[in-house]
Every structure is written in C-alpha cells, then in structure tokens.
Amino acid sequence: MRRSYEELTMNRNIFVFFVFLLFVTSYALAADTIEEAADLFSKGEFSKAARISEKILKNQPDNINAGMILAECHNESRKYMKAISVYKDLIKKYPDNMELVFRLGIVYNNAEYHANAVEAYKQVLAAQPENLKARHRLGMSYALCMDLSDAYEEYRFLKKRDEKLANDLLEYIQTNNK
C-alpha cells in the first residue's frame, strides 16, 4: 500500500496544522488559567488560586503574574513565610521591579516583621523617591517599630504632597502608640 506524494504531503500538512492548533490551544488554556487564578483570588478562594498558580509556575517559571497571585494567596491565608519566600524568589528574578518589593513590605508588616518592612520600603523609595504609598507604608512601619521620630518625618513629607495620606498616617501614629 504505497501512498502518493500528494497524499503524504497532505497528511504532513494536516499533522502540522494539528500540532499548531494544539500549541495555540495550550497557550490559550494557560492564559485562561492565569485569569482563572485571578478570578478565584478575587473571590477569596485562595487555596484553589494558589494551586493553579503553582501549576502555571511549573510550566512557566518566569510568569510574574502567577508568582504574585501565589504570594498574595499565601499572604491572605496568613502563610507569611511562604509569601515572603515567593516574593524573594521573584525579586531575585526581577530586581528592578519595585512593585514586588513594595508587596514584600506589606507581607513583612502582616507577619509583624516591621523592621524588615522598613527596609523594603526604603528600597522602594531609593528607586522611586516620590512613591507616596511607599512613604505612607514606611511611616506606618516606623510607628510599629516605635520609631516615632522617623514616622513623623514621613508624615511631614506627605503633608506637603498628599493631605489624605498624611492625615491617615498621623492618625495611625497617634492611635497605635497609646
């Protein structure tokens, strides 16, 4: 049973088409998966979102969105050391991404590692001196470390630039140190 050249070419083309279709479909499924993880996270289904994010990271270890969702799932589940570990790994891969460092600072605060949070926010501000959210969080972290002089310094900085953030920080300093 000998096949003609045209038949073999047609079969090869069909095979190539299906391989291409499989590739495109798997890529689309991966995109849907990150969306599904984000959707589950937004619904508060952190363990499911974390599992999906871990699967994505196995296939795409440089997927920063999956890493951030995983870290935030751990943070929301109060698995702070896991969240810290994920963020530190991401920061090693993306050292210039100050959003990752900022989020690490939040996890440090949640874990009550306030001195570490101070260092994270200082790192953000070294790269982005006008990042007012980082200034606000730095002031809060100083207050939690009982470094009121530096906390008020951040308040004075914010007072000139963002009245709402400044007043929020002042209230935080005053109510959390009594």
Subject >> Linked, directly or transitively: L40 and I69 (ILVMFWY side chains, under 4.5 Å) >> reply: yes
Original post:
In Å, rounded to the nearest 0.5 Å, how long is the span from SG of C145 to CE of M140?
Top reply: 12.0 Å
Subject >> N/O donor-acceptor pair under 3.5 Å between D162 side chain and L158 backbone >> reply: no
**OP:** Decide, yes or no, whether a salt bridge links R103 with E99 under the criterion of side-chain N to carboxylate O below 4.0 Å.
**Re:** yes
Subject >> Residue pair D39 / S42: nearest heavy atoms and the distance that separates them >> reply: O-OG, 2.7 Å
**OP:** Considering non-hydrogen atoms only, spot the tightest contact between A143 and L148 and give its length.
**Re:** CA-CD2, 4.2 Å
Original post:
Can you name the closest pair of heavy atoms from A49 and A37 and give their distance?
Top reply: CB-O, 3.4 Å
Original post:
Got K43 and K48 here, is their nearest side-chain heavy-atom distance under 4.5 Å?
Top reply: no
**OP:** Report, as yes or no, whether the 6.0 Å neighbourhood of atom CZ on R156 holds more than 12 heavy atoms from other residues, nucleotides or ligands.
**Re:** yes
Subject >> Shared hydrophobic cluster for F102 and L169 (ILVMFWY, side-chain gaps under 4.5 Å) >> reply: no
Original post:
For F46 and S77, which heavy atoms make the closest approach, and how far apart are they?
Top reply: CB-OG, 3.5 Å
Original post:
Do I91 and I64 share a hydrophobic cluster, counting only Ile, Leu, Val, Met, Phe, Trp and Tyr and linking them when any side-chain heavy atoms are less than 4.5 Å apart?
Top reply: yes
**OP:** For residues L138 and L125, report the shortest heavy-atom separation together with the two atoms involved.
**Re:** CD2-CD1, 3.6 Å
**OP:** To the nearest 0.5 Å, tell me how far M98 CE sits from Q128 CD.
**Re:** 7.0 Å
Subject >> Residues in side-chain hydrogen bond (donor to acceptor under 3.5 Å, both in side chains) contact with K93, at least two apart in sequence or another chain >> reply: none
Subject >> Same apolar cluster: L57 and I84, side chain cutoff 4.5 Å >> reply: yes
**OP:** State yes or no: do V101 and V86 share one hydrophobic cluster built from I, L, V, M, F, W and Y residues joined by side-chain heavy-atom distances below 4.5 Å, directly or via other members?
**Re:** yes
Subject >> Exercise: identify the closest heavy-atom pair between A117 and G105 >> reply: CB-O, 3.5 Å
Original post:
Looking only at atom types and distance, does a side-chain atom of Y121 sit under 3.5 Å from a main-chain N or O of I106, one as donor and one as acceptor?
Top reply: yes
**OP:** Please assess E163 against K159 for the test salt bridge (Lys or Arg N to Asp or Glu O under 4.0 Å), listing each intermediate value before the final yes or no.
**Re:** CA-CA 5 Å; E163 190 79 21; K159 183 86 171 148; 2.7 Å; yes
**OP:** Only one of I34, L70, T33 passes side chain to side chain contact (heavy atoms under 4.5 Å, CB included) with I52; say which it is.
**Re:** T33
Original post:
Can you list every side chain to side chain donor-acceptor pair (under 3.5 Å) pair that touches residues 136-147, not counting sequence neighbours?
Top reply: N109-S141, H136-D168
**OP:** With the side chain counted from C-beta on, respond yes when Y113 and V107 share a heavy-atom pair under 4.5 Å apart, and no when they do not.
**Re:** no
Original post:
Looking at F157, is R161 sitting on its ring face, NZ or CZ under 6.0 Å from the six-membered ring centre and within 45 degrees of the normal?
Top reply: yes
Original post:
NE2 of H74 to CG of N110: how many Å apart, nearest 0.5 Å?
Top reply: 14.5 Å
Original post:
To the nearest 0.5 Å, how far apart are CD in E36 and CD in E45?
Top reply: 9.5 Å
**OP:** For the pair S85 (side chain) and M81 (backbone), establish whether a donor and an acceptor sit closer than 3.5 Å, ignoring hydrogens and angles.
**Re:** no
Original post:
side chain to side chain donor-acceptor pair (under 3.5 Å) between Y87 and E72: does it pass, once the steps are laid out?
Top reply: CA-CA 9 Å; Y87 274 128; E72 288 303 316; 2.3 Å; yes
**OP:** Would you check if the side chain of Y94 reaches a backbone N or O of D62 as a donor-acceptor pair within less than 3.5 Å?
**Re:** yes
Original post:
Does a sphere of radius 6.0 Å around CZ in F41 hold more than 12 heavy atoms from other residues, nucleotides or ligands, not counting ones at 6.0 Å or beyond?
Top reply: yes
**OP:** Report the distance from atom OG of S53 to atom CD of Q60, rounding to the nearest 0.5 Å.
**Re:** 11.0 Å
